[in-house]
**Q** 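Below are the structure tokens for one structure; questions will follow.
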There are 4 protein chains.
Amino acid sequence: MESEFKLREEKPPAEMEGCPMAPDGVRRGRPAAGQDPVKRKQILDGARRVFIDMGFDAASMNDITREAGVSKGTIYVYFANKEELFEAIVEEERGSIFNNLYGALQSGDGLRETLINFGMALSFKITCDKVISAQRTVIGVSERMPDLGKRFYERGPMHGHKIFVDFLEAVAKKGLLEMKDISLAAFQFTDLCMAGLFRQCIFAYRSEPPSEEEIRYVVSAGVDLFLKAYGTEKLRRLMGAESD
Amino acid sequence: MESEFKLREEKPPAEMEGCPMAPDGVRRGRPAAGQDPVKRKQILDGARRVFIDMGFDAASMNDITREAGVSKGTIYVYFANKEELFEAIVEEERGSIFNNLYGALQSGDGLRETLINFGMALSFKITCDKVISAQRTVIGVSERMPDLGKRFYERGPMHGHKIFVDFLEAVAKKGLLEMKDISLAAFQFTDLCMAGLFRQCIFAYRSEPPSEEEIRYVVSAGVDLFLKAYGTEKLRRLMGAESD
Amino acid sequence: MESEFKLREEKPPAEMEGCPMAPDGVRRGRPAAGQDPVKRKQILDGARRVFIDMGFDAASMNDITREAGVSKGTIYVYFANKEELFEAIVEEERGSIFNNLYGALQSGDGLRETLINFGMALSFKITCDKVISAQRTVIGVSERMPDLGKRFYERGPMHGHKIFVDFLEAVAKKGLLEMKDISLAAFQFTDLCMAGLFRQCIFAYRSEPPSEEEIRYVVSAGVDLFLKAYGTEKLRRLMGAESD
Amino acid sequence: MESEFKLREEKPPAEMEGCPMAPDGVRRGRPAAGQDPVKRKQILDGARRVFIDMGFDAASMNDITREAGVSKGTIYVYFANKEELFEAIVEEERGSIFNNLYGALQSGDGLRETLINFGMALSFKITCDKVISAQRTVIGVSERMPDLGKRFYERGPMHGHKIFVDFLEAVAKKGLLEMKDISLAAFQFTDLCMAGLFRQCIFAYRSEPPSEEEIRYVVSAGVDLFLKAYGTEKLRRLMGAESD
DNA sequence: GATGAATGAGGGTTCATTCAT
DNA sequence: TATGAATGAACCCTCATTCAT
């Protein structure tokens, strides 16, 4: 991503002399082959829709061409082949799903409220239609492209897991939680927040994503269970005071 | 091919009723079109390997032909088209995964031991290579064939869920557990038993399935959490006595 | 055809000993392979429907199997291959179309009436749905199987043509008609009787065969033309007397 | 391939309007998908040979590919499927057969000569090898694609029929012919001109098309019959004067 | 640099024919 | 003898990729 902008600032290679360039040194006119970020975005936007709706194999480059509104040849300038384009899409999706998912952990609210907010944000995201489709697409190819799935999980859920582990550690330090295995506790928490929901959505057992109320219900129950199991006496005192 | 004769003497499966059969009850002669269970198994076995390795779209009927060792035309005698063959595979897989998964609930053991045994059986099954591959295959098509995914979940995980709910209800009646929402508690339990594992496996973050020790560790922690949250005073007394 | 009956009377070959045979020497039970006229008829009846409805190429042996109610193998006992079966059908159809078509020429009626009756029988036959379909089927393969088309025409229309020529010759001898080229006159007559109709039907320009009134109208006009051109003074006198 | 450039400078056919075109009116660059008239012609030429030689069903797209010298995919850029390609061929053939067939009616010659010339042109055309093959092809599918056959007849023979009816009407107005039913008379005329020939050719009873002499013989006889039946006294006077 | 027409291998499916039963 | 399951070539059509324009 950065390289796009970096390249703009490099001195143009010799064969580019004669290319239109304004006196301010900013190149106008055509970007180098495969370097126009607008076109790249156009391609990715079209490809995302197609790949996520149909899956990797059922998506055809023609479909993508049509959806993106660019020519076949152009796609192959920006991406070596279907697979690389797909990988770029997956990378992008991962970002758009998991970035900004952990902000809830930084509110200064009480622990229970924070956990509920975080749990809901997580559960909402993971079970919403768009994201379920994207995950299906990734899972669908993970047998043949395990590295792709692995990278998706590593930079997505696993990255978030670490953030959450840090959060729990901080809370533990404050003496509000007591967990023998914080990483495991973190996994337990996230899975409690989606109890039953993730698999129901990913297998299309549910045709609609869970409602906000349902998510709140499941997350609340999960948080309660979590706090009952890992909350310290100190936490209980604090919360008792709070609710008074 | 030789196995044909061996198998021929087995009891014919239920769906063969109505086929020509000699008075002695042993079927003679050639089975009806699409009815030879040996050939059918051959096809299903080949197709299973191919579908589960490659996914529905990437699997070609030629691959299946080759893998099954039958001719292209023969497959179309037994199955109307690729999709029906796929559905048969999914149905079969579902059966082989989820049947006999809930026997652990019927041991007369103590509650904790029973839950651990059940949780381990479940977690083992769901995260083993074969089953992960199968689930990927189903998930991969659930966008375009939601009914297939739905049926898989309904007759697989959801069916098991109900069995487990019945179990929990019985235990609750004995006064050992106290749950406001038994169904939710059941989902929490199963997800706690696979805490983190399912998604790590399904996304190929792990290249190996979890070891028995790891599963035991996760399940034990999950059971403890569950019992701490839902166990009654009576249960605690019983367990205390037990562990003395 | 005759061989069927002949074979019945032959001494059964050695390997037939033990076959059921009544004391009167007439074999009961199974006819020799490919010799049972009932089965043959069954096959031909099924094949006729299929071939005539779909044409040679679009007809599948499976369709015929189903329509005839006999097994694939049996068909190949009676007919070496699809083409031979087709030829048998065409032969049969030819017979059923053109046999008994020339009886009208033997009525003792007056010439005009006889010609009208004959023309109508001809025109009716050639333009009725069943026969149009059959002719399309034959014409459709006449490029690739010219002999088949040739034989159809030769033994069908051409045979009838000769009968009609004989008729016209007899009439000419009676001094009622005077034709320089009787064969040409015969062709002219038959084509006048179907003026426009044949091609309209064969190309499906008409979706319905012509009605009896239409045929009568066309045939009457054709006969009038024909008689005006080839009728002698004697004929005119006779007909004048008749209509008085 | 070289011819491409030669032809490129021809006036583009009507259906090319809207294609990118330089201000000088000469189209530059590559034609749009399915729009290159050279390639289209190449495909049609190949397909025509194959379809007309083998009939619709027996013709394979591979055969056409080979005959046309273009790749399979290319055909499908120009034509949606086999049937549409076939329809295009039939349409083309119809045009090439029936266009310019009625010019003979506009010579200023005497009636008899005009009719003979027209009748011969018609008879020649309809019975020549190429056209017989084409008609067989159309007839062969008219059972399953009646609309195609209907359109062929409507825009071909039926269109010509109307032109001929107009001609006869004009002649009748001049008092040279007297026909109660001009349309029927027109059909009678055309069928007299091919008396016996059309069916003999279409059924492959004749392996060779009729010679010019034969056609002249049949047509002359047909015209004579026609004029004898429908000619007025005035016509006879005119013709008598002419032949003196 | 961008285009999209062209490619031809390979997709799912059907078919005439054979031959073990 | 009659059967119909099995065959595998060939069917129509789609596809990722290339390269002349």
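As a basis for the values below, the full set of heavy atoms in this structure was taken, side chains included, without hydrogen atoms, waters or symmetry mates. Chain naming here is simple, since letters A, B, ... match the order of the sequence lines and numbering starts at 1 in each.
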**Q** Hey, which sits more toward the 5' end of DNA chain E by its nearest nucleotide, B:T74 or A:G73?
**A**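 That would be A:G73.
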**Q** Taking the six-membered ring for Trp, are A:F51 and A:F86 parallel (under 30°), tilted (30 to 60°) or perpendicular (over 60°)?
**A**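 Answer is perpendicular, since the angle exceeds 60°.
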**Q** Just jot down the side-chain hydrogen bond (donor to acceptor under 3.5 Å, both in side chains) partners of B:E143, sequence neighbours excluded, or say none.
**A**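 Counting only residues at least two positions away or on another chain, B:E143 forms a side-chain hydrogen bond (donor to acceptor under 3.5 Å, both in side chains) with A:S133, A:R136.
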**Q** Identify, with sequence neighbours excluded, every residue that meets side-chain contact (heavy atoms from CB on, under 4.5 Å) alongside B:A68.
**A**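 Per chain and number, B:A68 pairs via side-chain contact (heavy atoms from CB on, under 4.5 Å) with B:V70.
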**Q** Rounded off to whole Å, could you give me the NZ-to-P distance for the D:K39 and F:dA20 pair?
**A**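 Atom NZ in D:K39 sits about 13 Å away from atom P in F:dA20.
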**Q** Specify the separation, in whole Å, of atom CZ of C:F79 and atom C1' of E:dT17.
**A**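 Rounded to whole Å, this separation is 16 Å.
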**Q** Determine the stems involving DNA chain E; a stem requires 3 or more consecutive pairs of the Watson-Crick or G-U wobble kind, each with both distances below 3.5 Å, and the answer is none if no such run exists.
**A**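 Consecutive-pair runs (3 or more) involving DNA chain E: E:2-21 with F:2-21.
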**Q** List in chain and number order the residues that pass side-chain hydrogen bond (donor to acceptor under 3.5 Å, both in side chains) with C:N62, two or more places apart in sequence or in another chain; answer none if no residue qualifies.
**A**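 Counting only residues at least two positions away or on another chain, C:N62 forms a side-chain hydrogen bond (donor to acceptor under 3.5 Å, both in side chains) with C:K72.
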**Q** Measure CG/B:D36 against C1'/E:dA20 and give the value in whole Å, please.
**A**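 Those two atoms, CG and C1', are 13 Å apart.
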**Q** Using whole Å, what does the distance between atom C1' of nucleotide E:dC15 and atom CD1 of B:I75 come to?
**A**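 It works out to 16 Å between those atoms.
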**Q** Any residue in residues 50-72 of chain C with a heavy atom nearer than 4.0 angstrom to DNA chain F? Just list them by number, or reply none.
**A**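 Under 4.0 Å from DNA chain F: C:S71, C:K72.
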**Q** Rounding to an integer number of Å, can you tell me how far A:K82 NZ sits from F:dT18 P?
**A**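 Computing the A:K82:NZ to F:dT18:P distance gives 14 Å.
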**Q** Rounded to whole angstroms, how far apart are CZ on A:F86 and C1' on F:dC15?
**A**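 In whole Å, F:dC15 C1' and A:F86 CZ are 17 Å from each other.
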**Q** Would you list the pairs meeting salt bridge (charged side-chain N to carboxylate O under 4.0 Å, His left out) in which at least one residue belongs to residues 57-69 of chain C, sequence neighbours left out?
**A**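 Sorted pair list: C:R49-C:E67, C:D57-C:R144, C:D63-C:R66.
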**Q** Show your working on side-chain contact (heavy atoms from CB on, under 4.5 Å) between D:L44 and D:F79 and close with a plain yes or no.
**A** CA-CA 10 Å; D:L44 286 171; D:F79 300 93; 3.7 Å; yes
**Q** Please name all residues satisfying side-chain hydrogen bond (donor to acceptor under 3.5 Å, both in side chains) with D:T74, sequence neighbours left out, ordered by chain then number.
**A**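 If we apply the side-chain hydrogen bond (donor to acceptor under 3.5 Å, both in side chains) test to D:T74, skipping adjacent residues, the hits are D:S71.
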**Q** In whole angstroms, how far is the P atom of F:dT17 from the CD1 atom of A:I43?
**A**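 Spelled out: CD1 on A:I43 to P on F:dT17 is 14 Å.
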**Q** Could I get the full list of side-chain hydrogen bond (donor to acceptor under 3.5 Å, both in side chains) partners for B:E91, not counting sequence neighbours?
**A**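 B:E91 satisfies side-chain hydrogen bond (donor to acceptor under 3.5 Å, both in side chains) with B:R94, B:R155 only.
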**Q** Output the rounded distance in Å from CG (B:L85) to C1' (E:dG11).
**A**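 To the nearest whole Å, that distance equals 15 Å.
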**Q** Strictly by salt bridge (charged side-chain N to carboxylate O under 4.0 Å, His left out), give each pair with a member in residues 75-90 of chain D just once, sequence neighbours left out.
**A**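 Output for this query is empty, none listed.
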**Q** Less than 4.0 angstrom between a side-chain N/O of A:Y76 and OP1 or OP2 of F:dC19, yes or no?
**A**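 No, outside the criterion.
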